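These notes are about the structure you will find just below.
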Amino acid sequence: MSVTLVQAVTMALARAMEQDDRVLLLGQDIGVNGGVFRATDGLFKKFGDRRVLDTPISESAIIGSSIGMAAQGLRPVAEIQFMGFLYAGLDQLLSHAGRLRSRTRGRLSCPMVIRTPFGGGIRAPEHHADSLESILAHSPGIRVVIPSSPSRAYGLLLSAIQDPDPVVFMEPIRLYRGSKEPVNDDGGGLPLDTCFVLREGRDVTLVTWGNCVIEVSEAADQLEEEGISAEIIDVASISRLDMDTIFGSVERTGRCVIVHEAALTAGFGAEIAARLADEGLLSLRAPVKRVGGFDTAYPLYRLENHYLPTTHRILEACRAVLDFE
Amino acid sequence: MSVTLVQAVTMALARAMEQDDRVLLLGQDIGVNGGVFRATDGLFKKFGDRRVLDTPISESAIIGSSIGMAAQGLRPVAEIQFMGFLYAGLDQLLSHAGRLRSRTRGRLSCPMVIRTPFGGGIRAPEHHADSLESILAHSPGIRVVIPSSPSRAYGLLLSAIQDPDPVVFMEPIRLYRGSKEPVNDDGGGLPLDTCFVLREGRDVTLVTWGNCVIEVSEAADQLEEEGISAEIIDVASISRLDMDTIFGSVERTGRCVIVHEAALTAGFGAEIAARLADEGLLSLRAPVKRVGGFDTAYPLYRLENHYLPTTHRILEACRAVLDFE
Amino acid sequence: MKTVASFKIQYTQFLDQEGKEVQPLPAEITDTQLAEYYRDMVFCRVFDKKAVALQRTGRISTYAPLIGQEAVDVGIAHAMKRDDVFLPYYRNTGTQILRGVSLIETLLYFGGDERGTAFKETRQDFPTQINLSTQTPHAVGVAMAMKLQGEPHVAVTTVGDGACSKGDFYEAMNLAGVWGAPVLFVAMNNQWAISVPYESQTAAKTLAQKAIAAGIGSEQVDGNDVVAVYDGVGRALALIREGKGPYLIELKTYRLGDHTTADNASRYRSDKEVSEAWKRDPIARLRTYLSARSLWTKDQEEKLLTEMNQRIEAAVEQYLAIEAPRAAGMVEHLFAELPPDLEAQRKILDGM
Amino acid sequence: MKTVASFKIQYTQFLDQEGKEVQPLPAEITDTQLAEYYRDMVFCRVFDKKAVALQRTGRISTYAPLIGQEAVDVGIAHAMKRDDVFLPYYRNTGTQILRGVSLIETLLYFGGDERGTAFKETRQDFPTQINLSTQTPHAVGVAMAMKLQGEPHVAVTTVGDGACSKGDFYEAMNLAGVWGAPVLFVAMNNQWAISVPYESQTAAKTLAQKAIAAGIGSEQVDGNDVVAVYDGVGRALALIREGKGPYLIELKTYRLGDHTTADNASRYRSDKEVSEAWKRDPIARLRTYLSARSLWTKDQEEKLLTEMNQRIEAAVEQYLAIEAPRAAGMVEHLFAELPPDLEAQRKILDGM
Ligand SMILES: Cc1ncc(C[n+]2csc(CCOP(=O)(O)OP(=O)(O)O)c2C)c(N)n1
Ligand SMILES: Cc1ncc(C[n+]2csc(CCOP(=O)(O)OP(=O)(O)O)c2C)c(N)n1
Ligand SMILES: [Mg+2]
Ligand SMILES: [Mg+2]
């Protein structure tokens, strides 16, 4: 069946709930309403109010209570309606979910998932477009996973729910309904610590994740027309990061451009570039370029397309590294 | 008068409050008690309860109410007792303080300072040793400033309080009483967007900030004994970052080691290394090495000295870049 | 066992849903005022409809309709003084406009343009808050600044019933209580937080009682009775101005429209509930009352609608003619002065 | 105006500060139990003194003394059942030990070693929480899991008066109220949050009334009367077990010691206040009562102290003999399985 990314999320949730009755969902408007993006559509009807719990407006308590449930053996999957509202829950996520296992030497643990749409480009109001992957990757004890296609959404979400530790599952908002592809509802998970090579290429390595896969693919198409072959790597698991795939690619291409929509400075692109500047230095035949959101507040929607990395800006960066002496 | 870093903070606060009656302090235990580190010692007595306000345990409301005061023309200086308790206030800091000016096109602004001790090494309880500079540097509209000596604490804090925008002033906990130096209480500020070169050198550039200045200096001493001349750069203003000084130094030395105690992955060292991998690439004669805290929960105190970057680990990194082919 | 503290929550209504006086109207409210409230409520509804229509045709983006809550917007606007500071959430567009935010600014904001929150009037008012409840501690800070600076003004902040579940709301009330900050918290109980009904939001019988946690005063008012809103908010502001500390007022109302233009309320609530709620419509109620007292006629109504439509149409035209904002604006307004490390980014944006 | 809701907060005490019955003791509390509570309170005090002494000599680090609050620790421990889950803040070391956390584990924890929170008994209890109030939503989750899984247990979480100002506390109570989660919130009102006195913490007359915001039941109890604590907590747990929903109990007590070993309380509060508070000492009070009823003698007291000191000394010796934790432990316990990207860091640590 051909489905959109958001439908693949729903499929994975339903499958996980069928397979394991410890799995339960909580969040704002996820019940009768099926979530503001319909990610939980039909699940309330199917699984009832003991498996699908609407919550008050309390991001901190949503995450905090998930920790308690997880420690007691349930497998909560919490939805934060937009990633911009995760800030209020960061204390619970970073100070607690990520640390409970190590502070109790494994006696208590947090097998829980936080699902949240992230990123901009859909003309949403203020605070609806934040991307926090770099903040999360900096914090111990959690995994951060970002799908960029319906089938990866399905497989990665299933693995995230089965994982014995906390996972933040960031859903790319512009890809929610961007395109469809067939997804086999076979309960098969995908690994949580490997990159996906979306396109093989020889001349330059384009590293990205989430929404920006759209513009990066466009840029690669355009380069192809010019006879330049770009490899596209979808990092997918921001944390735990699979540098081997990236090192391998850059060893071949010698050139790397990293693209993300979060603000450039201290974005997760910096970590990848830093790793290249260390263990990957000898591969580099050109400076590592990063294309990111600007270091400013995400603007109201009339300017959001200027804020986000455009195909144009990506191509400029590609040309800079390709032209490098 | 020779003073410790924490005394220099008190001096700067007193000076700022004398010079400008819009300046007021708020926070937990900062009044009669003078702060748990005595940073506000004597100020309650001197300036009274309309200038020095004890608050309930409400990190979010401490920062949130500072925003309101600042927008109304006051100059609040809030203390968060330990940086590990800032998570609960991050929504107010990152979603609001940093964005109020741009979302109102400058009509309202947030001239406020958040002071908070950060880092470990003093055998404090859990949650008392976090370093969040990278998270803050990733977020728009705020400055992040970290002194590493009494006189820099004095000058940078005065400038932070005078700055028309929000500044997070991170006070290095291990340096609070580590040593004394004469500080001239002349009201003179220091620039908020330049690095400080603590020691000049030819062979390798050591970039650091805050507490780690201690171990980095020890490492440089040791290298010196071996005839190797290390340059030490104290970044001080994490945001706004002065890359020019760093580029200039690495151009001369060709080698760079970055040291911070926050977790390595996506720490602020990554941003500096990434900038070197881009605009600084041609200067690099060796991989850029980073020495940071481990990517794990800050341990209870029996292991904290293993978590923190040791002189030994810094020296190992130096040797790796110095020995590089 | 002995009782160490006791509390009660009181409820005020002047006009019931049939437009009948349940108690004499406050003496200080003149007939002229009543007619003005009526006009303003109609204005809110007309503007609201227009805004929804503009969203449907792509001229603005997500908008949160205030239909059904006009008494709240108008009552607050009239009870507040000019120099009080308003810190609203997104469903108080009516109050904002009545306080002096221009129609063009309002449209610019919903049209995704920060210039819409640069407010030429109401310079101290905060812009619309989307991030639920986060404006409540700002209000405490604003209030405390006014108190410390000896200004006799009040900070007024509004939140929805859903937002009353959020930590910031309680921290703010508690801090205001300790500081004696001159702030009025207004909880707009419209029974729904998107699809979540009041009973799933809190086990508290009233929102007003949440103030008890902070030790501050509170009461509940019929939010569909503009007289009760004006009276309740007015009394609370007077108390606060006298130095009697912060206060919470709950306005019981109902959201007749969708949550926003991105929502479809029929997914989660029954038509029957909505049509029942229409019987409590604040506008019809006051119209019935005024008509019965011959203070309002059909002619006046028609003239009013024409006038308002013209005013709004004119603003829409002006709004649509405004040229797009400059891309570089997004970094230029971040700091008082552009920091040197952002100059390169400014240049890129300037080239867009 | 009409009253739409009303509330009252009740207070319970059995033994006054002179050790006199102000009302008959609950029938189900036997004399043997009373003596046991007494022993346990003395144990708490002896352990507490020892812990402070160990800190002074550098054998453990920061410790939060519970002196003066022994009735709280003991009353809670005895009222709870084994399979209930305890989520304490840092000043309930007594309850933790009485529930089964070993003395060695306790010392390891304050000695900066995570092995101290691996609890061989009380496997479901949460470790001591330092980050104020953050354990309260955990407790709601634990309780909800028990409810959903049909287990008749209760989650019990404790917070200080200061922590009751924090957003998490309110969000947790509100969520528990909506979900009907079997959780007991215990607010330990010891009058001070480090240097901040109760009046500067909240304008609420009682902490118990904070539950009204969440629509859940609450009451206040004399926290220096172990009988009242046992009775109050016991009644609350029974109600919750019957499915009557979450509950908040405020225990009024006083922190006789410093905030922690890093604090010097004489900086901010008067000797007079402290010596007044000593008159309400929970231990002396029960001793007076028991002695008056000839249930406790000087001889018993001396024997008890000797026994306890021996037990504690033995544990301290064992604690001091435990070898240092492995450095690599800090990454090995982060995830169920070490992720490949952390292997390099594990190796470095393993070499330390
Ligand atoms: C912190 C936060 N969480 C979630 C949201 C998403 N959201 C927007 S409005 C809304 C419902 C708010 O309901 P209520 O407070 O009752 O106000 P109303 O819209 O009914 O006027 C939600 C959940 C948000 N804006 N902010
Ligand atoms: C979120 C948070 N903010 C600040 C602190 C620092 N701190 C530790 S204990 C304390 C006072 C707590 O007082 P209270 O809740 O009354 O408990 P008590 O210590 O009196 O038992 C403070 C401010 C903290 N641990 N957590
Ligand atoms: Mg509502
Ligand atoms: Mg206390």
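Nothing here was measured: the structure is a model prediction, and the numbers come from that model. All chains are named by letter (A, B, ...) in the order of the sequence lines, taking the proteins before the strands, and each is independently numbered beginning at 1.
Using a 4.5 Å cut-off between heavy atoms, F82(B) does not touch chain D at all. Interface remark: A163(D) contributes backbone atoms only to the contact with chain B (heavy atom separation under 4.5 Å). Interface remark: F294(B) contributes backbone and side-chain atoms alike to the contact with chain D (heavy atom separation under 4.5 Å). In this structure, the portion of F110(D) lying under 4.5 Å from any heavy atom of chain B is its backbone and not its side chain. Proximity to chain D (any heavy atom under 4.5 Å) is shown, for D295(B), by both the backbone and the side chain. Heavy atoms closer than 4.5 Å to chain D are found in the side chain of H128(B), but not in its backbone. Looking at T55(B), the atoms closer than 4.5 Å to chain D (heavy atoms on both sides) all sit in the backbone: N, CA, C or O. At a 4.5 Å heavy-atom cutoff, the contact between S200(D) and chain B is made by backbone atoms alone. Both the backbone and the side chain of I194(D) come within contact range of chain B, each with at least one heavy atom under 4.5 Å from a heavy atom of that chain.
Using a 4.0 Å cut-off between charged nitrogen and carboxylate oxygen, R267(D) and D41(B) count as a salt-bridge pair.
Side-chain contact check for S195(D) versus V32(B): every heavy-atom pair is 4.5 Å or farther apart.
Atom CG of D161(D) and atom CD1 of I57(B) lie 8.5 Å apart (nearest 0.5 Å). With values rounded to the nearest 0.5 angstrom, N33(B) atom CG is found 10.0 Å from H259(D) atom NE2. Summarising the geometry, atom CD1 belonging to I60(D) is positioned 12.5 Å from atom CZ belonging to R302(B); distances are rounded to the nearest 0.5 Å. Separation of atoms CG (L132(D)) and CZ (F85(B)) is listed at 6.5 Å; rounding is to 0.5 Å. The line from CD of E59(B) to CG of D168(D) is 10.0 Å long, rounded to the nearest 0.5 Å.
For the options T202(D), D341(D), D263(D), L334(D), heavy-atom pairs under 4.5 Å to chain B are most numerous at L334(D). Listed options P56(B), G84(B), G31(B), A88(B) were ranked by heavy-atom pairs under 4.5 angstrom with chain D; first place goes to P56(B).
Heavy-atom contacts from other residues, nucleotides or ligands closer than 6.0 Å to CD of E317(D) number 12 or fewer. Around atom CG of D323(B), more than 12 heavy atoms belonging to other residues, nucleotides or ligands sit under 6.0 Å away.
In this structure, T296(B) contributes its side chain and M330(D) its backbone to a donor-acceptor pair below 3.5 Å.
When all heavy atoms are compared, the tightest approach of A327(D) to L303(B) is CA-CD2, 3.9 Å.
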Practice item. Could you please spell out the steps behind the side chain to side chain contact (heavy atoms under 4.5 Å, CB included) verdict for E114(D) and E126(B)? Key: CA-CA 10 Å; E114(D) 280 84 1; E126(B) 227 186 326; over 6 Å; no
Point to revise | CA sep, side-chain torsions, deciding dist, call: Q129(D), H127(B), side chain to side chain contact (heavy atoms under 4.5 Å, CB included) | key: CA-CA 10 Å; Q129(D) 188 53 261; H127(B) 302 291; 3.5 Å; yes
